[in-house]
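Everything numeric in this text was worked out from a predicted model, so none of it was measured. As the structure lists them, so they are numbered: ligands from 1, and atoms in each ligand from 1.
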Amino acid sequence: MKTNLKAVLLIVLAHLLLTSLAWGDSRHEVNFPDILDYKTLKCDLHIHTVFSDGLVWPTVRVDEAWRDGLDAISISDHIEYHPHKQDIPVNHSRPYEIAAPLAKEKNILLINGAEITRDTPPGHFNAIFVTDIAALDVKDFNDAVRLAAEQGGFVFWNHPGWKPEAKGWFDIHTKLYENKWLRGIEVVNGNTYYPEAHQWCLEKNLTMLGNSDIHDPITGYEIYEDPELTHRPVTLVFAKEKTAEALKEALLDGRTAVWHKNRLIGREKYLDAIFKASVKITKPYYRQKDTIWCEIKNSSCMDIQMEKAGTERAEKLVLPANSTTLLKTKVKGEPEQAKLSYVVKNFLIAPGKGLPVDIITPLK
Ligand SMILES: [Zn+2]
Ligand SMILES: [Zn+2]
């Protein structure tokens with residue numbers, strides 16, 4: 001009897017082991033540290049499926065998001081544009097319903113969303129965290145955005161420089177902004193960065209977003225046909241926890257940064273915190289007269305490109321992603337610490353303006 005029980009237990013154990021081994025999916029992580037007591041959530045909040053003009057089924061978007069190291073996505077199909085309607089009936093709530101069970105299994109936050117699509121101006125707007133997309137399918141643009149806001153939606157302006165002939169901030173945008181219906185702008189969409197939008201976000205206290213707006217299947221990032229874009233554009237959201245509610249609260253509070261083409265775009269406060277949490281310098285491990293040697297570790301997934309501040313010729317220092325770099329520098333006299341002042345050229349705190357940083361190592 002006892003032996004039988006043992007045998008049964010062994011079989012059960014073996015079975016459990018087999019089941020758990022079968023669940024061996026793994027992914028590369030997008031490494032950005034948590035900052036300022038917030039969790040750094042990696043998000044893509046603008047994605048298309050066959051339910052509008054995309055070319056993939058909603059569940060595929062969840063698999064792709066997981067593979068790309070994301071925490072949250074919003075499938076945001078066009079409300080007004082359905083080129084596949086002959087084959088796929090128009091149903092605004094289906095993309096979310098279809099993707100939701102898999103999103104739960106893969107620990108991806110799936111946010112209900114849609115793209116309100118009008119000619120430029122006003123252009124295209126994503127409404128996410130909405131509860132009834134069909135109700136936004138109305139003739140008047142203002143009504144659509146107002147209804148989205150009334151549903152508790154977070155509305156942002158997509159690809160604001162999409163049509164160069166009608167590029168700019170128009171009265172209609174002022175109206176959306178003054179009514180507090182418009183809360184953010186894509187400073188990055190696909191392979192494009194919009195410096196004007198970056199400036200508007202700073203001036204008007206709007207939330208910065210960077211999304212893929214992907215329509216094709218993601219087989220690799222060569223689909224963007226841009227050698228500089230080797231990863232999906234990502235909105236980093238600094239949230240209290242990994243929940244939809246916390247994500248929305250952080251977006252409303254403007255706590256974001258955008259990762260795009262080995263560049264980070266955002267407010268100084270957040271980029272500074274990302275830098276400080278990613279880059280650590282050791283005490284000098286060797287000293288020869290006035291020359292010291294230290295190690296600088298960059299634990300982020302970005303190559304950090306710096307130029308020495310206050311020097312006549314730009315002295316460059318690159319800290320490769322996930323790497324340790326040896327630094328040799330001179331110190332004058334017997335100071336308490338060595339302070340190296342740099343500008344991080346690929347951390348943009350305003351269009352064309354890098355983040356100033358000090359790297360300090362104690363000498364005593
Ligand atoms: Zn669009
Ligand atoms: Zn779109």
K.L.:
Does His48 bring an N, O or S atom to within less than 2.8 Å of the Zn ion (ligand 2)?
P.N.:
yes
K.L.:
Determine which of the N, O or S atoms in His159 is closest to the Zn ion (ligand 1) and give its atom name.
P.N.:
NE2
K.L.:
Do His159 and Glu186 have side-chain atoms, one donor and one acceptor, less than 3.5 Å apart?
P.N.:
no
K.L.:
Among the N, O or S atoms of Asp213, which one sits nearest to the Zn ion (ligand 2)?
P.N.:
OD1
K.L.:
For a side-chain contact (heavy atoms from CB on, under 4.5 Å) with Thr49, tell me which candidate from Ile88, Ile75, Val60, Ile214 qualifies.
P.N.:
Ile75
K.L.:
Restricting to N, O or S, what is the name of the atom of Glu115 that lies nearest the Zn ion (ligand 2)?
P.N.:
OE1
K.L.:
Write down the atom of Ala127, the atom of Ile116, and the distance for their closest heavy-atom approach.
P.N.:
CB-CD1, 4.2 Å
K.L.:
If I take every N, O or S atom of His78, is at least one of them less than 2.8 Å from the Zn ion (ligand 2)?
P.N.:
no
K.L.:
Restricting to N, O or S atoms, which atom of His124 is closest to the Zn ion (ligand 1)?
P.N.:
ND1
K.L.:
Answer yes or no on whether Arg255 is positioned over the face of Tyr38, meaning its NZ or CZ is under 6.0 Å from the six-membered ring centre and within 45° of the axis.
P.N.:
yes
K.L.:
Relative to Trp169, does Lys204 satisfy both conditions: NZ or CZ under 6.0 angstrom from the six-membered ring centre, and within 45 degrees of the ring's axis?
P.N.:
yes
